[in-house]
Every structure is written in structure tokens, then in C-alpha cells.
Enquirer: 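One structure coming up, written as C-alpha cells, with questions to follow.
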Amino acid sequence: MYYVNREQIARRLAAVPEVAEGLRRAAQAWDGSLMLGLVQERCLHLAIEIVTDVGSYLIDGFIMRDASSYDDIIQINHEEKVFDVSTYEVLKRLVLLRKPLVQDYFSWERGELHPLSAEVPSILEQFAEQVSIYVEKELGPFQQGQTEGQSKE
């Protein structure tokens, strides 16, 4: 029996369009300014948090093997076929940015456009779509009136 917190997954996936748009705009208008550097930095950080939060909810809800790191969250979800290999390859590179963004932020190069800033928006949108498809395939469509995290036996 699974308890998948669909509400929390949906809340996090709902942030994808804004994060993707922020990265797209930053990449398109890139001028090396502090403002765009900070937009890029925050959007990359939020993308990582969305992907790892959703991945953790899926691991817990579907009783997948325990993750030992952020990279492991991505690997486990890929092994469980939550998303395809092309999404996995980009997400694997994305989560490696967590330490530089969160712990080593003082040395992050804000004046440079990070290569993932152009790649991540479409991958983040694919991730959201693939997660939704996976959850519906495993549990069926979410219907009004279902209790949060209704499970399948």
C-alpha cells in the first residue's frame, strides 16, 4: 500500500513554470549584471530544490530504496523510471550545483552565465510532465474528493 503525498508534489511542480521562465529570461537577456546573476543563482537553486523535494516524496511514497545524497535521489527516481535518460543526465548535473549554490555561495561566479541556465527550463518542464505521468500510471488520476495521498493497494 502506498501513501504518496500528491498535494505536496503538485505544490512543488506548480513552481516549475516560474522557475523555468526566470532562467529563460536571465539567459536571453544575459549581460553579466549582478541582478541577472542573482536571478540565475536563485532559479538554479529552486530548480534543484523542486527536483529533490519531488524525488524524495516519490521515494518515500512508493517505498523505493533510501537515498544517501541529492545525486542518489535523482538516480533512484531514474532507476524507477520516473523520468527518461535525457532528463536524468541534465538533472544529475543540476544537483551537483547544490553545494556551490548553498554552501559556497560566496565564491559563485555571478557574472557568468552557467551553461545549465539555458538547458534547465525545458528539462524542468519535462520533469514535471514525466512525474505527473508516472504518478497517474501508478495510482490513477487524481480526482476531486480524494483524500490527500490516497493510496493504491
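Sequence positions, counted from 1, serve as the residue numbers for this chain. These numbers come from the heavy atoms of this one structure, side chains and all, not from hydrogens, waters or symmetry mates.
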Enquirer: Any side-chain to backbone donor/acceptor pair from Gln40 onto Gly22? Under 3.5 Å, distance only.
Expert: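 Absent.
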
Enquirer: Taking atom CG of Leu139 and atom CZ of Arg6, what is their separation to the nearest 0.5 Å?
Expert: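 So the CG of Leu139 and the CZ of Arg6 are separated by 4.5 Å.
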
Enquirer: Do other residues, nucleotides or ligands put more than 12 heavy atoms under 6.0 Å from the CZ atom of Arg65?
Expert: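 Result for CZ/Arg65: enclosed.
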
Enquirer: Which heavy-atom pair separates Ser56 from Ile73 by the least distance, and what is that distance?
Expert: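 Between these two residues, the closest heavy atoms are OG-CD1, 3.4 Å.
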
Enquirer: Could you walk me through whether Ser69 and Gln75 pass side chain to side chain contact (heavy atoms under 4.5 Å, CB included), step by step?
Expert: CA-CA 10 Å; Ser69 66; Gln75 184 177 347; over 6 Å; no

Enquirer: If we only count heavy atoms from C-beta on, is the Glu18 to Cys43 side-chain gap below 4.5 Å?
Expert: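 They are not in contact (no side-chain heavy atoms under 4.5 Å apart), so the answer is no.
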
Enquirer: Go through the steps to decide whether His45 and Tyr105 satisfy the test side chain to side chain contact (heavy atoms under 4.5 Å, CB included), and finish with yes or no.
Expert: CA-CA 11 Å; His45 178 206; Tyr105 56 86; over 6 Å; no

Enquirer: Counting distance only, does the side-chain N/O of Ser117 pair as donor-acceptor with the main-chain N or O of Leu113 below 3.5 Å?
Expert: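 No; judged by distance alone, with no hydrogens or angles, the pair does not exist.
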
Enquirer: Looking at every non-hydrogen atom in both residues, tell me the closest pair between Leu36 and Ala29 and how far apart they are.
Expert: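 Nearest heavy atoms, Leu36 then Ala29: CD1-O, 3.1 Å.
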
Enquirer: Check whether more than 12 heavy atoms from other residues, nucleotides or ligands sit under 6.0 Å from atom CD of Glu79, and answer yes or no.
Expert: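 Buried by this count: over 12 neighbours within 6.0 Å.
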
Enquirer: Could you measure the distance from the CD1 atom of Ile133 to the CD atom of Gln126? Nearest 0.5 Å is fine.
Expert: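 Spacing of CD1 (Ile133) from CD (Gln126) equals 10.5 Å.
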
Enquirer: To the nearest 0.5 Å, what is the distance between CD (Gln103) and CH2 (Trp108)?
Expert: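 Here the rounded value is 13.5 Å.
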
Enquirer: Check whether Val39 and Ile48 end up in the same hydrophobic cluster, where Ile, Leu, Val, Met, Phe, Trp and Tyr are linked by side-chain heavy atoms less than 4.5 Å apart.
Expert: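 No: no chain of side-chain contacts under 4.5 Å links Val39 to Ile48.
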
Enquirer: Would you give the length of the straight line joining atom CZ of Phe83 to atom CD of Glu129, rounded to the nearest 0.5 angstrom?
Expert: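 So the gap between those two atoms works out to 14.0 Å.
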
Enquirer: According to a hydrophobic-cluster definition based on side-chain heavy atoms being under 4.5 Å apart (Ile, Leu, Val, Met, Phe, Trp, Tyr only), do Phe62 and Tyr88 belong together?
Expert: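 As far as the 4.5 Å side-chain criterion goes, Tyr88 and Phe62 are connected within one cluster.
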
Enquirer: If the threshold is 4.0 Å, N to carboxylate O, is there a salt bridge linking Asp71 and Lys92?
Expert: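 Lys92 and Asp71: not salt-bridged.
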
Enquirer: Could you work out, with side chain to side chain contact (heavy atoms under 4.5 Å, CB included) as the rule, every residue matching Asp84, not counting sequence neighbours?
Expert: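 Asp84: side chain to side chain contact (heavy atoms under 4.5 Å, CB included) contacts with Ser86, Thr87, Gln130.
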
Enquirer: Report the C-alpha distance between Arg12 and Gln8 in whole Å, list the side-chain angles of each, state the deciding distance to 0.1 Å, and finish with yes or no for side chain to side chain donor-acceptor pair (under 3.5 Å).
Expert: CA-CA 6 Å; Arg12 281 148 180 84; Gln8 291 302 318; 2.6 Å; yes

Enquirer: Just verifying a value: how many Å separate Leu124 CG and Leu116 CG, rounded to the nearest 0.5 Å?
Expert: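 Going from CG on Leu124 over to CG on Leu116, the span is 11.5 Å.
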
Enquirer: Rounded to the nearest 0.5 Å, what separation is found between the CE atom of Met64 and the CG atom of Asp72?
Expert: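 If we round to the nearest 0.5 Å, Met64:CE and Asp72:CG are 12.0 Å apart.
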
Enquirer: Does CZ belonging to Arg93 count more than 12 external heavy atoms closer than 6.0 Å?
Expert: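 Correct, the count exceeds 12.
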
Enquirer: Spell out, as yes or no, whether a donor-acceptor pair under 3.5 Å connects the side chain of Asp104 to the backbone of Pro100.
Expert: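 Not at all, since once roles are kept as given, no pair shorter than 3.5 Å links the two residues.
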
Enquirer: Would the Phe127 and Tyr134 ring centres measure less than 6.0 Å apart?
Expert: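 Not under 6.0 Å, so no.
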
Enquirer: Any ion pair linking Glu138 and Lys81 (charged N to carboxylate O, less than 4.0 Å)?
Expert: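 No, Lys81 and Glu138 are not salt-bridged.
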
Enquirer: Going through the checks in order, is the side chain to side chain contact (heavy atoms under 4.5 Å, CB included) test met by Val16 and Val19?
Expert: CA-CA 5 Å; Val16 165; Val19 173; 5.9 Å; no

Enquirer: Using side chain to side chain contact (heavy atoms under 4.5 Å, CB included), reason through Leu58 and Val54 one step at a time and then give a plain yes or no.
Expert: CA-CA 6 Å; Leu58 294 173; Val54 168; 4.1 Å; yes

Enquirer: Applying side-chain contact (heavy atoms from CB on, under 4.5 Å) between His114 and each of Val120, Leu101, Leu44, report the one that passes.
Expert: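 Single side-chain contact (heavy atoms from CB on, under 4.5 Å) partner of His114 among Val120, Leu101, Leu44: Leu44.
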
Enquirer: Are Val82 and Ile63 linked, directly or through intermediate hydrophobic residues, by side-chain heavy-atom contacts shorter than 4.5 Å (ILVMFWY only)?
Expert: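 In one cluster with Ile63: Val82, yes.
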
Enquirer: Tell me whether Asp66 at atom CG has more than 12 heavy atoms from other residues, nucleotides or ligands lying less than 6.0 Å away.
Expert: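 Atom CG in Asp66 is not crowded, with 12 or fewer foreign heavy atoms closer than 6.0 Å.
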
Enquirer: Do you know the tightest heavy-atom contact between Ser122 and Arg24?
Expert: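 Closest heavy-atom pair between Ser122 and Arg24: N-NH2, 3.7 Å.
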
